[in-house]
Amino acid sequence: PVALIVGFTTKARRRRRADEEAREAIDPRATMDALFAGAPTATYVLSPAALPFEVVVAGAAERGYRLAGRDGQTLVFSRP
């Protein structure tokens, strides 16, 4: 049982570290520019390796979009 717990903990740490590295590799401004490039609506799916909710919502607002809805981890934005 102890080996199972240690193995699970090690795997969880590796996963968390991989998610953090993936998140650090994302260029937030480039991502926001591509996502909110003028279309009437835009969607973004949150995940552990994605940009945080607050960053996406702030980036949308800077580009003239507002959060129109949310379905689980999927954010839907629209232009007023």
Side-chain angles (χ1 to χ4, degrees):
V2 174
L4 181 62
I5 293 171
V6 171
F8 179 76
T9 303
T10 302
K11 188 174 183 178
R13 280 190 199 138
R14 277 191 222 134
R15 176 97 149 125
R16 189 173 34 245
R17 189 172 21 233
D19 289 343
E20 289 171 2
E21 289 173 0
R23 197 173 20 253
E24 290 171 3
I26 297 172
D27 178 3
R29 294 210 71 63
T31 300
M32 296 296 105
D33 289 344
L35 181 61
F36 303 112
T41 60
T43 59
Y44 188 79
V45 179
L46 298 172
S47 74
L51 293 172
F53 173 85
E54 296 80 11
V55 172
V56 177
V57 172
E62 289 175 7
R63 292 159 179 83
Y65 286 79
R66 65 175 179 76
L67 182 61
R70 180 175 184 172
D71 182 16
Q73 297 299 313
T74 303
L75 306 177
V76 180
F77 297 90
S78 64
R79 293 178 68 91

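For reference, positions follow the sequence shown, starting with 1. Reckoned from all heavy atoms, side chains included, excluding hydrogens, waters and symmetry mates. Nothing here was measured: the structure is a model prediction, and the numbers come from that model.
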Partner residues of Phe36 under the ring pair (Phe, Tyr, Trp, His ring centres under 6.0 Å) criterion, sequence neighbours left out: Tyr65, Phe77

N/O donor-acceptor pair under 3.5 Å between Tyr44 side chain and Ala50 backbone: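 Judged by distance alone, no pair lies under 3.5 Å.
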
Test item: Arg70 side-chain N/O and Gly72 main-chain N/O as donor-acceptor pair under 3.5 Å: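 Yes; at least one donor-acceptor contact below 3.5 Å.
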
Taking every non-hydrogen atom, the tightest pair across Gly64 and Pro80: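 Where Gly64 meets Pro80 most closely, the heavy atoms are O-CD, 3.2 Å.
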
From CG (Leu46) to CG (Leu75), nearest 0.5 Å: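 The CG atom of Leu75 is 4.0 Å from CG of Leu46, to the nearest 0.5 Å.
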
Gap separating the OG1 atom of Thr43 from the CG atom of Asp71, nearest 0.5 angstrom: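 These two atoms lie 11.0 Å from each other.
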
Derivation and outcome, side chain to side chain contact (heavy atoms under 4.5 Å, CB included), residues Met32 and Glu62: CA-CA 9 Å; Met32 296 296 105; Glu62 289 175 7; over 6 Å; no

Phe53-Val56 co-clustered via ILVMFWY side chain contacts under 4.5 Å: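 Yes; tracing contacts between hydrophobic side chains, which count when under 4.5 Å, links both residues.
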
